[in-house]
Amino acid sequence: MSSLLSFKTAAAVTLRSSLRPRFFSKQGFLPLLRSSSPPLRIGFSQQRDSRSVMLTRAMSSSTSTASDSVQLKSAKEDIKQILKSKFCHPILVRLGWHDSGTYDKTISEWPQRGGANGSLRFEIELKHGANAGLVNALNLIQPIKDKYPGITYADLFQLASATAIEEAGGPRIPMKYGRVDVTEPEQCPPEGRLPAAGPPSPADHLREVFYRMGLNDKEIVALSGAHTLGRSRPERSGWGKPETKYTKDGPGAPGGQSWTAQWLKFDNSYFKDIKERRDEDLLVLPTDAVLFEDPSFRVYAEKYAEDQDAFFRDYAEAHAKLSNLGAKFNPTEGISLD
């Protein structure tokens with residue numbers, strides 16, 4: 001979504017023609033399979049996106065068991081290579097956030113409570129307005145899922161998100177793995193649980209969404225700082241300029257409006273730029289501006305603008321917490337890669 005929690009609608013990555021064709025199944029996106037009978041093709045248009053994505057149903061090899069730690073470590077190295085070649089840090093952060101950010105703490109049953117369970121791979125959830133463009137992220141990392149079938153989608157989404165932060169220069173995220181996948185599209189959460197960019201009362205809206213997840217004001221502001229990465233594209237989100245001096249030449253597909261000048265570098269410049277507002281080429285959404293307007297939010301925003309180490313510490317803790325929301329772990333204590 002284009003607010004923080006659009007979680008970076010801004011950062012959608014344009015698919016290259018070199019990406020492999022995909023089939024769509026109940027378990028997600030699969031490589032093109034040979035079959036004696038023609039596939040059932042299903043098309044849908046992403047909201048605010050002129051391109052349509054052809055999806056196909058096929059048999060699945062997804063697993064609902066804990067992920068294999070050896071495969072997770074290898075997959076992390078493969079993700080690093082994709083980041084280097086595709087400059088897709090922002091959209092991979094968003095992918096993990098949007099899978100976990102549907103959590104509702106008032107619901108105890110799994111998977112009805114939402115959260116990090118891999119449901120975002122299903123067509124019904126991809127079509128939610130806040131998820132426009134995330135099919136691109138799925139296609140980027142699906143070859144890794146194919147290569148490492150012992151990893152759940154839920155873990156792969158969160159692994160990609162945390163790795164993108166770290167590779168962009170951000171803090172090390174204290175992650176754990178072993179998230180169980182949902183198996184049916186009927187298990188996807190309802191639309192409307194993710195934040196919007198321009199609500200009538202931005203502070204109330206952010207609290208409504210993030211308090212529902214069990215997060216507090218400090219965590220809301222810290223997570224907002226991830227907008228130091230990425231761009232907003234008006235044709236997808238309705239926000240931002242078509243291009244600026246910072247985005248007209250890429251890297252990656254050119255265009256959009258970024259929150260920061262170095263929008264592939266994770267640092268505290270997001271807070272500095274919002275506070276100063278000296279550059280019209282940098283994006284400030286209503287949900288960004290409110291961080292320095294609301295008295296409680298402002299305490300943390302001012303702190304992070306002055307102290308990058310404090311921001312990194314609080315961000316790493318908040319990101320890890322967000323990545324675990326609603327998840328069912330097998331084993332229950334999770335898997336550490338350290």
Side-chain angles (χ1 to χ4, degrees), residues 1 3-9 64 66-67 72 91-122 125-126 128 130-131 134 137 151-166 170-183 187-196 205-227 287 313-337:
M1 66 176 60
S3 93
L4 141 73
L5 307 193
S6 146
F7 304 145
K8 311 197 80 80
T9 290
S64 293
S67 297
L72 281 165
I91 200 172
L92 293 188
V93 173
R94 182 173 164 238
L95 178 67
W97 282 28
H98 281 215
D99 195 47
S100 61
T102 60
Y103 175 63
D104 187 337
K105 69 178 183 181
T106 67
I107 302 173
S108 59
E109 296 83 6
W110 184 92
Q112 293 92 328
R113 63 195 183 210
N117 57 29
S119 62
L120 188 50
R121 71 192 189 273
F122 292 116
E125 191 167 345
L126 283 171
H128 292 179
N131 294 328
L134 282 179
I151 301 175
T152 60
Y153 279 97
D155 271 350
L156 184 59
F157 293 167
Q158 300 307 324
L159 177 66
S161 182
T163 303
I165 293 291
E166 294 170 1
R172 178 189 170 278
I173 312 297
M175 299 290 290
K176 67 176 182 178
Y177 299 95
R179 297 168 187 80
V180 175
D181 277 342
V182 296
T183 58
Q187 296 172 310
C188 289
E191 187 168 6
R193 291 188 180 182
L194 296 171
H205 176 71
L206 288 177
R207 289 191 172 99
E208 178 183 0
V209 172
F210 286 95
Y211 284 10
R212 188 207 70 226
M213 300 183 212
L215 300 174
N216 58 33
D217 285 0
K218 180 177 77 172
E219 291 161 334
I220 291 172
V221 179
L223 289 171
S224 296
H227 268 164
T287 45
R313 286 193 300 269
D314 291 349
Y315 178 84
E317 182 179 336
H319 185 124
K321 182 176 179 178
L322 176 65
S323 77
N324 294 336
L325 294 181
K328 179 168 71 173
F329 285 90
N330 182 9
T332 54
E333 69 274 14
I335 302 167
S336 174
L337 300 187

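For the numbers below, each heavy atom of this structure counts, side chains included, while hydrogens, waters and symmetry mates do not.
- The salt bridge (Lys or Arg N to Asp or Glu O under 4.0 Å) pairs that include a residue from residues 315-326 are E219-K321, where partners are two or more places apart or lie in different chains.
- In this structure, the side-chain contact (heavy atoms from CB on, under 4.5 Å) partners of K218, at least two apart in sequence or on a different chain, are N216, Y300, Y304, D314.
- Legend: residues meeting salt bridge (Lys or Arg N to Asp or Glu O under 4.0 Å) with D217, ordered by chain and number and at least two apart, are R207.
- Under the side-chain hydrogen bond (donor to acceptor under 3.5 Å, both in side chains) criterion, Y103 pairs with no residue at all, not counting sequence neighbours.
- Applying the side-chain hydrogen bond (donor to acceptor under 3.5 Å, both in side chains) criterion to S108, with sequence neighbours excluded, gives no partner residue.
- Proximity of a side-chain donor or acceptor of D99 to a complementary backbone N or O of G118 within less than 3.5 Å is detected.
- Side-chain atoms of D181 never come within 3.5 Å of backbone atoms of T183 as a donor-acceptor pair (strictly under, hydrogens ignored).
- R172 is linked by a salt bridge (Lys or Arg N to Asp or Glu O under 4.0 Å) to D338, counting only residues two or more places apart in sequence or in another chain.
- E109 meets the side-chain contact (heavy atoms from CB on, under 4.5 Å) test with I107, Q112; sequence neighbours excluded.
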Validation: residues 157-165 side-chain donor-acceptor distances under 3.5 Å, sequence neighbours left out:
| unit_1 | atom_1 | unit_2 | atom_2 | d |
| --- | --- | --- | --- | --- |
| Q158 | NE2 | G96 | O | 2.8 |
| S161 | OG | V93 | O | 3.2 |
| T163 | OG1 | L159 | O | 2.7 |

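- For D155, the side-chain hydrogen bond (donor to acceptor under 3.5 Å, both in side chains) criterion is met by S67, R179, not counting sequence neighbours.
- For P111, the side-chain contact (heavy atoms from CB on, under 4.5 Å) partners at least two apart in sequence or on another chain are N117, V182, Q187.
- When atom types are taken as modelled, the side chain of S100 and the backbone of G115 share no donor-acceptor pair closer than 3.5 angstrom.
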